[in-house]
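In what follows, chains are A, B, ... by sequence order, proteins preceding strands, each numbered from 1. We use all heavy atoms of the structure for the numbers below, so side chains are in, but hydrogens, waters and symmetry mates are not.
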Amino acid sequence: MTTTRFAPSPTGYLHIGGLRTALFSWLWARKNQGNFLLRIEDTDLARNSEEALEAILKAFEWVGMSYDGEALYQSKRFDIYGKYVDQLLAEGKAYKCYMSKEELTALREGQMAKGERTRYDGRYRDFKGTPPKGVEYVVRIKAPTEGNIVFKDGVKGEICIASSEVDDFVISRAGGVPTYNFVVAIDDALMGMTDVIRGDDHLYNTPKQIVVYEALGFKLPNFYHVAMINNEQGKKLSKRDGATDVMEYKVLGYLPEALLNFLVRLGWSHGDQEIFSVEEMIALFHPKNINKSSSNYNLDKLLWLNAHYIKNMPNVKLAGLLKEYGVHIESHDKLELLLDATKERGKTLVELANQINLILVPPSEYDEKASKKAFKGDANEILADFATLLKTYKTSLHTPPEYHAVLEKFVEGKAIGFGKIGQPLRISLLGSMTGSGLDEIMAILGVNETVARIEKAIGHHRI
RNA sequence: GACCCUUUCAUCUAGUGGCCAAGGAUAUUGUGUUUUCAACGCAAAAACAAAGGUUCAAAUCCUUUAGGGGUCGCCA
């Protein structure tokens, strides 16, 4: 059975890089009817925060990714890790190291000065003497001293790292709290992980974890290291260019289906296909199609996808979502018309909300430049005549085509061009020169409101 | 600095030695439709990082260089 996991440390919010690796893991598990587990990596007791964890869980909920079973907290499993430390100590596969922090710093500085990769020198590996006083020991694991550590990465291929690059790293801190690389290996093994999909910032942790797997006799999972997401310029992603809290995308008016579609195509592909529903992603995803190279964050594509999903969303559902953006149109009798007239004009729910408000809220001011252009000559008279004509219909006009017919008849009767009435009418109704179709706007507003806005605009432009 | 990974249009990508004088998508530009804006349709422009090799044949394999990323914690 395929088992994957997402293992965040609750030290900050979830950003899109984390969400993407979570998505890949989740898709792979769901595709294989396996398990997707959540594990909270909170062994650094000082840096954990409750809010960060809640934010992560909320983000998962928003995008609709569900994990199986209960979330597992590493901080509650210290006794388990402790037993393994004891076991390795007893078997001679790990040892106590009494090196002080000062000595360690000095060692590193020396190595750095020589241009080497810093590493512990193994001075307590075979120590048999009397431990120095006043130093609390840490436990280090014995890493191989010769040869290479080789493993197969499902994304990058075979990775070969010289054992000399992997030192006897700490598995248990002074005071007995175990360290990351140790507990990750144990938990992944104990949780039955078959496939570990994670960011390639973990690539160098993998040989260390393999040392643990082998010392403990655990079976290795398949590793997949996914390259990072960079910003548009190919540099490290920062808050300014997209590395914000995933929930911030909700505030900005993005749909979770658009965000997931965007992320799944960042580093993964299925031929030329661009649009993927979640069901399709699950059906088509395979880690063998994950890209080796890093990809750059590109807001334009996300906006395009978001617009796509807005356009194709049923109006009733859209109306429900819009409540969170201050637009309450669920009981509006022209709901369908209103959204049909606006949803192609908003790339985000925020923009869509603005488009809707542009129609629903009477203009409080008129675009000055456009007014000047549209209201010269006899625009006021034409508008007044049109309002008079509209009033004669009172309750018999409902649909856009009906309004269109009236408008057409009016233009013909007056023998004027469409622009003569169209421009001032649009400014009267919306206050601006851009927006939805006039027929639709009038049908949404109804005769009374349309006439009221026209008359108000005439009054305003009389000077 | 050392070690590891990586490099196809501005961006996401297809591509696994001949089907590639490199395909799709976004963005851009032009154009059509239109009562404006948008949406949509059509079209254009746009890339194999560089140099050497291997081969009858290289975007694809090898080497070097250059760019980008990652890692070098008693953080995760």
Notebook entry, point to check: Looking only at atom P, what distance separates B:rU13 and B:rU6, rounded to whole Å?
Noted result: 15 Å
Check: Which part of the nucleic acid, if any, lies within reach of A:Thr43 when heavy atoms closer than 4.0 Å are counted: base, sugar-phosphate only, or nothing?
Finding: sugar-phosphate
Check: With A:Tyr81, which of A:Asp86, A:Asp187, A:Thr179 fulfils side-chain hydrogen bond (donor to acceptor under 3.5 Å, both in side chains)?
Finding: A:Asp187
Notebook entry, point to check: Quick one: does A:Lys83's side chain have a donor or acceptor within less than 3.5 Å of a partner on A:Phe78's backbone?
Noted result: no
Margin query: Under 4.0 Å, heavy atom to any atom of RNA chain B: which of residues 415-427 of chain A qualify?
Written below: A:Phe418, A:Arg426
Check: Would you call A:Arg265-A:Glu274 a salt bridge at under 4.0 Å N-O?
Finding: yes
Item checked: Heavy-atom donor-acceptor pair, A:Glu274 side-chain to B:rG24 base, under 3.5 Å -> yes
Note to self: Counting the atoms with a prime plus P, OP1 and OP2 as sugar-phosphate, which does A:Ile159 contact under 4.0 Å by heavy atoms, base, sugar-phosphate, or nothing?
What the structure shows: sugar-phosphate
Check: When we call it a touch if two heavy atoms are under 4.0 Å apart, what does A:Glu41 touch: a base, just sugar-phosphate, or nothing?
Finding: sugar-phosphate
Item checked: Close approaches to RNA chain B from residues 346-369 of chain A, in residue order (heavy atom, under 4.0 Å) -> A:Lys347
Note to self: Just to be sure I understand the geometry, which residues of residues 13-21 of chain A put a non-hydrogen atom under 4.0 Å away from RNA chain B?
What the structure shows: none
Next item on the list: May I ask you to check whether A:Phe24 and A:Phe285 place their ring centers less than 6.0 Å from one another?
Entry: yes
Next item on the list: Using a 4.0 Å heavy-atom cut-off across all strands, classify A:Asn205 as base, sugar-phosphate, or nothing.
Entry: base
Item checked: Atom-to-atom span, CE of A:Met228 to P of B:rG70 - whole angstrom -> 8 Å
Checklist line | A:Asn230 side chain near B:rU11 phosphate (N/O to OP1/OP2, under 4.0 Å) | finding: no
Margin query: At 4.0 Å (heavy atoms only), tell me whether A:Ser9 reaches a base, stays on the sugar-phosphate, or touches nothing.
Written below: sugar-phosphate
Next item on the list: Pick base, sugar-phosphate or nothing for A:Gly175, based on heavy-atom distances below 4.0 Å to the nucleic acid.
Entry: nothing
Note to self: Less than 4.0 angstrom between a side-chain N/O of A:Asn296 and OP1 or OP2 of B:rC12, yes or no?
What the structure shows: yes
Margin query: On the nucleotide B:rG73, are OP1 or OP2 found under 4.0 Å from the side-chain N or O atoms that A:Thr118 carries?
Written below: yes
Notebook entry, point to check: Is there a side-chain polar atom (N or O) of A:Ser269 under 4.0 Å from OP1 or OP2 of B:rA14?
Noted result: yes
Next item on the list: Check every strand shown and say whether A:Lys236 touches a base, only sugar-phosphate, or nothing at a heavy-atom separation below 4.0 Å.
Entry: sugar-phosphate
Checklist line | Minimum-distance nucleotide to A:His202 side chain [options: B:rA76, B:rG1, B:rU26] | finding: B:rA76
Notebook entry, point to check: Under 4.0 angstrom, heavy atoms only, what part of the nucleic acid is A:Ala174 near: base, sugar-phosphate, or nothing?
Noted result: base
Notebook entry, point to check: Can you tell if the side chain of A:Val246 reaches within under 4.5 Å of the side chain of A:Leu259, non-hydrogen atoms only?
Noted result: yes
Check: In terms of side-chain heavy atoms of A:Arg345, which of B:rC12, B:rG70, B:rC37 is nearest?
Finding: B:rC37
Check: Are the charged groups of A:Arg39 and A:Glu41 less than 4.0 angstrom apart, N to O?
Finding: yes
Item checked: Nearest heavy atoms of A:Arg426 and A:Ile441, plus distance in Å -> NH1-CD1, 4.4 Å
Check: Is A:His225 touching bases, backbone alone, or none of the nucleic acid, heavy atoms closer than 4.0 Å?
Finding: nothing
Notebook entry, point to check: Which nucleotide sits closest to the side chain of A:Trp304: B:rC4, B:rU11, B:rA27?
Noted result: B:rA27
Notebook entry, point to check: Contact class for A:Lys343 vs. all strands (heavy atom < 4.0 Å): base, sugar-phosphate, or nothing?
Noted result: nothing
Checklist line | Minimum-distance nucleotide to A:Arg117 side chain [options: B:rC72, B:rC74, B:rU36] | finding: B:rC72
Next item on the list: Test the A:Arg140-A:Tyr95 pair against the cation-pi criterion, namely NZ or CZ under 6.0 angstrom from the six-membered ring centroid and within 45° of the ring axis.
Entry: no
Next item on the list: Please name the residue in the list A:Leu338, A:Leu321, A:Ile356 that meets the side chain to side chain contact (heavy atoms under 4.5 Å, CB included) test with A:Val327.
Entry: A:Ile356
Checklist line | Touch class at under 4.0 angstrom, heavy-atom based, for A:Leu203 against every strand present | finding: sugar-phosphate
Note to self: For A:Asn296 and A:Glu232, which I'm curious about, is there any donor-acceptor pair between the side chains at under 3.5 Å?
What the structure shows: no
Next item on the list: Measure centre to centre between the rings of A:Phe6 and A:Phe60, then say whether the value is under 6.0 Å.
Entry: yes
Notebook entry, point to check: So does A:Lys301 get a side-chain nitrogen or oxygen closer than 4.0 Å to the phosphate oxygens (OP1/OP2) of B:rU13?
Noted result: no
Next item on the list: Taking atom P in both B:rC62 and B:rA43, compute the distance separating them and give it to the nearest angstrom.
Entry: 39 Å
Note to self: Would you measure the distance from the C1' atom in B:rA27 across to the matching atom in B:rA46 and give it in whole Å?
What the structure shows: 11 Å
Margin query: Using the side-chain hydrogen bond (donor to acceptor under 3.5 Å, both in side chains) definition, which of the options A:Arg123, A:Lys142, A:Arg125 pairs with A:Asp168?
Written below: A:Arg125
Margin query: Using atom P in both nucleotides, what's the gap between B:rU8 and B:rU60 to the nearest angstrom?
Written below: 13 Å
Note to self: Taking any heavy-atom pair under 4.0 Å as a contact, classify A:Met99: base, sugar-phosphate, or nothing.
What the structure shows: base
Next item on the list: Salt-bridge test for A:Arg119 and A:Glu165: reply yes if a basic N is under 4.0 Å from a carboxylate O, no otherwise.
Entry: no
Margin query: Is there a side-chain contact between A:Ser295 and the phosphate of B:rU13, meaning an N or O under 4.0 Å from OP1 or OP2?
Written below: yes
Next item on the list: Please name all residues satisfying ring-ring contact (aromatic ring centres under 6.0 Å, His included) with A:Tyr84, sequence neighbours left out, ordered by chain then number.
Entry: A:Phe218
Check: For RNA chain B, what residues of residues 133-150 of chain A have any heavy atom nearer than 4.0 Å?
Finding: A:Val138, A:Arg140
Note to self: Counting only side-chain heavy atoms from C-beta out, which of B:rA2, B:rA39, B:rU36 sits nearest to A:Met433?
What the structure shows: B:rU36
Item checked: Sequence-distant partners of A:Ser75, side-chain hydrogen bond (donor to acceptor under 3.5 Å, both in side chains), two or more places apart -> A:Asp42
Next item on the list: Would you indicate which nucleotide in B:rC5, B:rC74, B:rC12 comes nearest to any side-chain atom of A:Lys156?
Entry: B:rC5
Margin query: Categorize A:Arg108 for me: base, sugar-phosphate, or nothing, with a 4.0 angstrom heavy-atom threshold over every strand shown.
Written below: sugar-phosphate
Check: Can you tell me how far the NE2 atom of A:His225 sits from the OH atom of A:Tyr204, to the nearest 0.5 Å?
Finding: 12.5 Å
Next item on the list: Please state the P separation for the pair B:rC19 and B:rU63 - nearest whole angstrom.
Entry: 25 Å
Check: Roughly how far apart, to the nearest Å, are B:rU65 and B:rA2 at atom P?
Finding: 11 Å
Next item on the list: Check the side chains of A:Asn315 and A:Lys343 for a donor-acceptor pair under 3.5 angstrom, ignoring hydrogens and angles.
Entry: yes
